[in-house]
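What follows is a short report on a single structure.
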Amino acid sequence: MSTKEDDLSRISKLFSPVRLNNVVKSNKTANLTGNERQIKDGCADIHNAIQKWTKTNRDGTETITEIANIRISHILQSEEENTEKPDNSHDILKLESLCENMQSCVQKLKKVVLKIDTVAAKFQGVQTLSQYKNDSEVLFQTWSTKDFASAAKELSTMYQKELEVKQSIYENVCHAVSRDSVMFYTSAWVHQPYIEERADILLQSMLTETGHQT
């Protein structure tokens with residue numbers, strides 16, 4: 001005969017929390033098919049892609065800060081001496097290494113955007129098929145395929161525009177000739193003007209709708 005302690009132990013095991021770093025598809029996902037499966041998997045893919053973007057952008061922030069320090073130091077010295085002072089060999093080598101790091105960051109961000117674009121295109125295909133079948137039913141809680149396609153497209157557009165900014169920053173920051181320019185490029189990289197606050201709302205809504213988050 002079980003004791004009260006045994007019963008509490010079993011209940012505790014059944015309802016113990018699960019800790020996740022990335023979105024991991026629930027057991028229910030394995031039983032999903034068709035549109036539901038594609039949408040739920042796609043939302044997880046977008047979430048994980050944006051996590052990679054965030055990490056890469058953080059790495060890029062550290063790199064561009066180092067670049068800014070070197071460039072501003074050189075610019076201030078030139079202004080104090082009232083002459084264009086060439087970069088010393090140590091700074092040149094350091095800048096070359098940092099610019100390579102920036103290039104690597106931009107390449108990683110391109111892959112993230114490609115992933116989000118791919119999912120957005122898939123969602124659009126699901127929506128088109130649903131329209132063809134005259135099917136506008138809610139898939140999980142309150143959203144239809146059109147809602148998921150619209151949210152994915154909006155996120156894709158934001159990150160695509162931001163990628164274009166990142167590319168421009170990478171191409172120009174190491175050659176900036178004024179302190180204001182260096183500060184502008186650094187600030188633009190950090191603050192990501194095209195990724196609006198709405199992006200987080202859209203992502204969280206998608207994850208909640210599909211049951212990845214509660």
Side-chain angles (χ1 to χ4, degrees), residues 20-24 41-122 152-200 202-204 207:
L20 303 176
N21 292 323
N22 285 343
V23 168
V24 177
D41 287 356
C43 288
D45 289 340
I46 289 178
H47 170 83
N48 292 332
I50 289 177
Q51 281 195 324
K52 290 178 182 178
W53 175 287
T54 300
K55 180 184 183 305
T56 302
N57 187 68
R58 190 181 302 120
D59 293 341
T61 297
E62 295 177 2
T63 300
I64 199 171
T65 299
E66 290 189 64
I67 293 173
N69 290 337
I70 294 174
R71 292 303 300 148
I72 290 174
S73 176
H74 173 77
I75 290 168
L76 291 177
Q77 287 181 18
S78 296
E79 289 176 350
E80 288 176 359
E81 298 176 11
N82 198 27
T83 182
E84 180 62 29
K85 186 177 180 180
D87 292 329
N88 61 52
S89 58
H90 177 268
D91 285 348
I92 291 174
L93 291 175
K94 183 64 175 177
L95 280 172
E96 287 179 351
S97 175
L98 291 171
C99 285
E100 288 177 359
N101 290 344
M102 288 291 290
Q103 183 181 36
S104 176
C105 285
V106 171
Q107 292 300 319
K108 290 177 182 178
L109 295 177
K110 285 182 179 179
K111 291 180 179 179
V112 168
V113 170
L114 178 60
K115 184 63 177 180
I116 298 174
D117 287 347
T118 299
V119 175
K122 180 190 295 183
K153 178 61 177 177
E154 192 170 348
L155 287 171
S156 174
T157 299
M158 287 185 195
Y159 280 89
Q160 178 59 53
K161 288 181 177 179
E162 188 59 39
L163 176 61
E164 293 172 5
V165 173
K166 302 290 194 193
Q167 180 70 38
S168 179
I169 292 171
Y170 155 66
E171 292 172 354
N172 291 282
V173 66
C174 287
H175 310 291
V177 295
S178 72
R179 182 176 181 275
D180 288 345
S181 295
V182 175
M183 295 302 293
F184 172 78
Y185 291 135
T186 304
S187 178
W189 182 282
V190 173
H191 293 292
Q192 308 191 103
Y194 283 106
I195 301 178
E196 305 169 16
E197 291 183 10
R198 177 170 167 76
D200 186 57
L202 287 171
L203 179 61
Q204 295 306 314
L207 297 176

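Quick note: residue numbers are just sequence positions, from 1.
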Quiz item: How close do Ile116 and Ser156 get, heavy atom to heavy atom, and via which atoms?
Solution: CG2-CA, 3.7 Å

Self-check item: Taking every non-hydrogen atom, the tightest pair across Ile75 and Arg179
Solution: CD1-N, 3.7 Å

Self-check item: Trp189 side chain vs Asn57 backbone, donor-acceptor pair below 3.5 Å
Solution: yes

Quiz item: Does Arg71 use its side chain to pair, donor to acceptor, with the backbone of Val177 at less than 3.5 Å?
Solution: no

Quiz item: With no hydrogens and no angle check, do the side chains of Glu171 and Gln167 hold a donor and an acceptor under 3.5 Å apart?
Solution: yes

Exercise. Specify the closest pair of heavy atoms between Tyr194 and Glu162, including all atoms of both residues, with the distance to one decimal.
Key: N-OE1, 3.0 Å

Quiz prompt | Lys115 and Asn48 side chains, donor-acceptor separation under 3.5 Å | solution = no

Quiz item: Distance-only, no hydrogens or angles: does the Ser73 side chain make a donor-acceptor pair with backbone N or O of Asn69 under 3.5 Å?
Solution: no

Quiz item: Between the side chain of Thr56 and the main-chain N/O of Lys52, is any donor-acceptor distance below 3.5 Å?
Solution: yes

Self-check item: Main-chain N/O of Asp59 paired to Thr63 side chain as donor or acceptor, under 3.5 Å
Solution: yes

Quiz item: Is a side-chain donor-acceptor pair under 3.5 Å present for Trp53 with Gln192?
Solution: yes

Quiz item: Ignoring hydrogens and geometry, is there a side-chain-to-backbone donor-acceptor pair from Thr54 to Ile50 under 3.5 Å?
Solution: yes

